[in-house]
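Numbers restart at 1 for each chain; the letters A, B, ... are given by sequence-line order, proteins then strands.
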Number of protein chains: 2
Amino acid sequence: MAAIKVHGNVISTAAMRVFATLYEKDIEFELVPIDMRAGEHKKEPFISLNPFGQVPAFEDGDLKLFESRAITQYIAHEYADKGTPLVIRDSKKMAIISLWSEVEAQKFDPAATKLTYELAIKPMFKMTTDAAVVEENEAKLAVVLDVYETRLAQSKYLAGESFTLADLHHLPTIHYLMGTQSKKLFESRPHVLAWVVDITARPAWNKVVAQQK
Amino acid sequence: MAAIKVHGNVISTAAMRVFATLYEKDIEFELVPIDMRAGEHKKEPFISLNPFGQVPAFEDGDLKLFESRAITQYIAHEYADKGTPLVIRDSKKMAIISLWSEVEAQKFDPAATKLTYELAIKPMFKMTTDAAVVEENEAKLAVVLDVYETRLAQSKYLAGESFTLADLHHLPTIHYLMGTQSKKLFESRPHVLAWVVDITARPAWNKVVAQQK
């Protein structure tokens, strides 16, 4: 029995963020599937793991966590010496990772998540896409990606010359959006595109995608 | 000349989060006022400090940061031995602080910020409050505060028995909301109310509020 359990499912962007971190760290884990169509995430026993009723929830022995970005940070720090280094202990370099992680969470993710829902998740469940929501959020995402284009002209990754959690957190929504009309937002910005090609080619990420097949 | 500069203004919730952290740490800083009514945050030289054109921006010597929660994390770690300890180095305890910091950023803040804007900031500038937005976001905040009520029945602060960044990050929006009709959401939950009374009474926080006078 693995010490680490991820309660969730393979199509959830938040769960994918955690899987990617575990694969980068080469850490074994058990996926405990949560049937969201049956509403298992809104009932016990899941609700005791995450009172907000959202996947994923995470266990490492006695430690129980939720919120995907708190889980990835924990894994990156607790297993700092395993697999890919995803954080840097120097406090000034760590601050730059935090900065771009916050940009992902506060600026990139709100627009990217709404676009993912409209253009990838809704079609998967035969629901109707709202064109006005798409237009509004593509405009918001374009503003964010203009900042990324400038940043990624200065350094290969968001927080500097190495791949860190700040990059990794973007992978799930980028994965979905590159299969939709919104891919134009990434393809029209050369440094953003090179970054997308680089980070989506990572072997750990490809294991996350393979789980969906 | 202080090594640390905060570019912002005394009424911005994001800037107040940074001021509170600096006062808790007893660190001297220079406030560089940004006149947002004149649009200074959307122009050079500010835009070079934060390409998103939002306050605050932060300098500690050569290090330049934006995103308030990245700044508070940096201060808490870099100046760990000064003033109030706001983080815990043990990775499992740190994970619990991260969890509740993420809950603040992802669940509490979106509703609290919209309510703050409608009920506190708009009246300050003689703009009209949107009652539908208030109703929608009071309902969302109530769901979050139900989770907090359960949590704060188990521990004095969100991440355990000591005040940490996870609590501190809530102070600016709570400060504004306790002066509005939304205070009922806090006052009707006894453990939440005790927590609000406790954290808003901190001397460091009172220095932030005094700056507004």
When you look at B:Gln54 and A:Lys107, which way does the side-chain contact (heavy atoms from CB on, under 4.5 Å) test go after all the steps?
CA-CA 11 Å; B:Gln54 293 175 328; A:Lys107 305 288 192 297; 2.9 Å; yes
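Across all non-hydrogen atoms, the minimal contact from A:Val144 to B:Phe52 is CA-CE2, 4.0 Å. Minimum interatomic distance between A:Ala95 and B:Ala70 (heavy atoms only, all atoms of both residues): O-CB, 4.5 Å.
Note on A:Gln73, A:His77, A:Lys92: by heavy-atom pairs under 4.5 Å with chain B, the leading option is A:Lys92. No other option in B:Glu67, B:Met94, B:Glu78 has as many heavy-atom pairs under 4.5 Å with chain A as B:Glu67.
Residue contact with chain B, scored on non-hydrogen atoms closer than 4.5 Å, involves the side chain of A:Gln106 exclusively. If you measure heavy-atom distances from A:Lys64 to chain B, the contacts under 4.5 Å come from the backbone alone. The parts of A:Val103 that come within reach of chain B are both its backbone and its side chain, each placing non-hydrogen atoms under 4.5 angstrom from that chain.
The environment of CG in B:Asp62 is sparse: at most 12 heavy-atom neighbours from other residues, nucleotides or ligands sit within 6.0 Å. Counting non-hydrogen atoms of other residues, nucleotides and ligands closer than 6.0 Å to CD of A:Glu135 gives a total of 12 or fewer. More than 12 heavy atoms of other shown residues, nucleotides or ligands fall within 6.0 angstrom of atom CG in A:Asp90. The environment of CZ in A:Phe66 is crowded: more than 12 heavy-atom neighbours from other residues, nucleotides or ligands sit within 6.0 Å.
Between atom OG of residue A:Ser98 and atom CZ of residue B:Arg69 there is a gap of 12.5 Å, rounded to the nearest 0.5 Å.
With contacts defined as side-chain heavy-atom distances shorter than 4.5 Å, the pair B:Tyr74/A:Leu99 does not qualify.
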